[in-house]
Amino acid sequence: MDISARRRTGSGHRATNLLARRKRSLPAIAAIEAGGPDAAELTRCYDSDEPLDSGAVARLTTMLDDESGHDAAMEQAERYLSQAIDAVPAEQISEDLLAPAHAATHREL
């Protein structure tokens with residue numbers, strides 16, 4: 001999952017489109033819950049009904065980057081991946097299972 005305006009998220013959506021529509025992505029939620037210096041402004045932006053112009057979307061992107069929303073999302077994806085792999089019986093774990101699981105959680109589009 002990536003929140004850079006130049007990239008797509010892990011789900012394949014343009015990050016700026018998600019921000020402009022105020023979709024509560026994992027990076028956004030993580031940044032807000034972290035309670036850092038920009039958390040209150042992020043919350044206000046997400047709770048507002050006012051349209052977001054390109055400058056506001058760029059500011060949101062920077063705030064999410066500054067609040068380590070992307071890092072928190074990657075940590076969560078790693079936890080989920082680890083839990084999923086741990087749930088599979090050892091004799092069934094193979095590269096055919098692991099390769100797509102790692103590709104899905106670590107892709108940069």
**Student:** Mind listing the closest non-hydrogen atom pair of Ile93 and Leu97 along with its distance?
**Tutor:**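 Ile93 and Leu97 have their closest heavy atoms at CA-CD2, 4.1 Å.
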
**Student:** Once you round to the nearest 0.5 Å, how far does CD of Glu78 lie from CD of Gln83?
**Tutor:**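 If we round to the nearest 0.5 Å, Glu78:CD and Gln83:CD are 11.5 Å apart.
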
**Student:** I'd like to know if Ile85 and Tyr80 are part of one continuous hydrophobic network [Ile/Leu/Val/Met/Phe/Trp/Tyr, side-chain heavy atoms within less than 4.5 Å].
**Tutor:**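 No; Ile85 is not reachable from Tyr80 via cluster members.
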
**Student:** Taking the side chain from Arg22 and the backbone from Asp49, do they hold a donor-acceptor pair closer than 3.5 Å?
**Tutor:**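 Here the side-chain-to-backbone pair does not exist.
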
**Student:** Whether the side chain of Asp53 engages the backbone of Ala56 through a donor-acceptor N/O pair (distance < 3.5 Å, no angle test) should be reported.
**Tutor:**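 Indeed, once roles are kept as given, a pair shorter than 3.5 Å links the two residues.
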
**Student:** Going by side-chain contact (heavy atoms from CB on, under 4.5 Å), Gln76 matches just one of Thr105, Ile29, Leu26. Which one?
**Tutor:**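 In the set Thr105, Ile29, Leu26, the residue that makes a side-chain contact (heavy atoms from CB on, under 4.5 Å) with Gln76 is Leu26.
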
**Student:** SG/Cys45 to CD/Glu50 distance, rounded to the nearest 0.5 angstrom?
**Tutor:**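 Spacing of SG (Cys45) from CD (Glu50) equals 11.0 Å.
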
**Student:** So does Arg24 pair up with Asp47, basic N to acidic O under 4.0 Å?
**Tutor:**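 Between Asp47 and Arg24 there is a salt bridge, with a charged N closer than 4.0 Å to a carboxylate O.
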
**Student:** Measure the NZ-OH distance between Lys23 and Tyr46 for me, rounded to the nearest 0.5 Å.
**Tutor:**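 The NZ atom of Lys23 sits 11.0 Å away from the OH atom of Tyr46.
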
**Student:** Is it true that a side-chain atom of Thr43 and a backbone atom of Ala39 form a donor plus acceptor pair closer than 3.5 Å?
**Tutor:**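 The answer is yes, because a donor-acceptor pair under 3.5 Å joins these two groups.
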
**Student:** Counting only N and O atoms by type, is there a donor-acceptor contact under 3.5 Å from the side chain of Thr61 to the main-chain atoms of Val57?
**Tutor:**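 Yes: the side chain of Thr61 pairs with the backbone of Val57.
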
**Student:** Just how far is it from atom CG of Asp38 to atom CG of Leu64, taken to the nearest 0.5 Å?
**Tutor:**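 If I round to the nearest 0.5 Å, the distance is 9.0 Å.
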
**Student:** If you measure from CG on Leu52 to CG on Leu19, what distance do you get to the nearest 0.5 Å?
**Tutor:**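 Nearest 0.5 Å value for the CG-CG distance: 8.5 Å.
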
